[in-house]
Amino acid sequence: ADDVTYRGLGGQQGIKNIVATLIPLIKADPRIKESFVDTDMKNLAMRLEEQFCALTGGPCVYEGEDMNDVHRGLKVTNAQFNALAEDLQIAMERNGVPSHVQNKLVAKLAPMQRAIVTK
Ligand code: HEM
């Protein structure tokens, strides 16, 4: 499998660090934080690590919920989707991920927008 992007993120440890940076950004972001008040953020972090690893060619299997099912009823807007993507880019930037690799991960998340945005 092509794991260039996975390696660009710094592999398993790099992804762990990126998600650890991302979670507090989500919790502090006035555009999206209300959506996560009842969320188990440790579980979310574990699932995001799996998902980013699997999507970028790493040796992981995403074992979380289907993106449609988990976001159904949350009334997520396009603006909120973009806000989270922006927070992710900040998290990658802070962990020294080159911008071309940042763009690769964001591009892999883009097709999920239709499943996540329901408003
Ligand atoms: C790039 C965009 C996004 C990705 C890749 C993503 C991915 C995920 C993943 C992997 C989970 C965990 C599923 C599980 O527990 O099995 C999750 C849960 C969740 N997501 Fe998203 N998500 C995105 C955008 C958003 C946005 C914009 C919002 C709201 C503003 C949101 C709100 C939530 C909430 C509240 C949960 C937890 C649901 C629960 O625990 O019942 N997500 N997301």
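We're numbering straight along the sequence, starting at 1. Atoms within a ligand are numbered from 1 in the order they appear, just like the ligands themselves.
A salt bridge links Asp87 to Arg31: one of the charged nitrogens lies within less than 4.0 Å of a carboxylate oxygen.
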Expected rows: ligand 1 N/O, protein N/O, dist below 3.5 Å:
from, atom 1, to, atom 2, distance (Å)
ligand 1, 15 (O), Asn43, ND2, 3.0
ligand 1, 16 (O), Glu65, N, 2.8
ligand 1, 20 (N), His71, NE2, 2.9
ligand 1, 22 (N), His71, NE2, 3.0
ligand 1, 42 (N), His71, NE2, 3.0
ligand 1, 43 (N), His71, NE2, 3.0

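Side-chain atoms of Tyr6 come within 3.5 Å of backbone atoms of Gln12 as a donor-acceptor pair (strictly under, hydrogens ignored). Although no hydrogens or angles enter the test, the distance criterion places no donor-acceptor pair under 3.5 Å between the side chain of Glu49 and the main chain of Ile15.
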Between side-chain atoms of residues 112-119 and protein atoms elsewhere (two or more places apart, or another chain), which donor-acceptor pairs fall under 3.5 Å?
from, atom 1, to, atom 2, distance (Å)
Gln113, NE2, Asn78, OD1, 2.6
Thr118, OG1, Lys75, N, 3.4

### Message
Please evaluate residues Leu9 and Asn95 with respect to the criterion side-chain contact (heavy atoms from CB on, under 4.5 Å), reporting the C-alpha separation (whole Å), side-chain torsions for both, the decisive distance (0.1 Å), and the verdict.
### Response
CA-CA 9 Å; Leu9 292 173; Asn95 285 281; over 6 Å; no
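Between the side chains of Gln13 and Asn17, at least one donor N or O lies within less than 3.5 Å of an accepting N or O.
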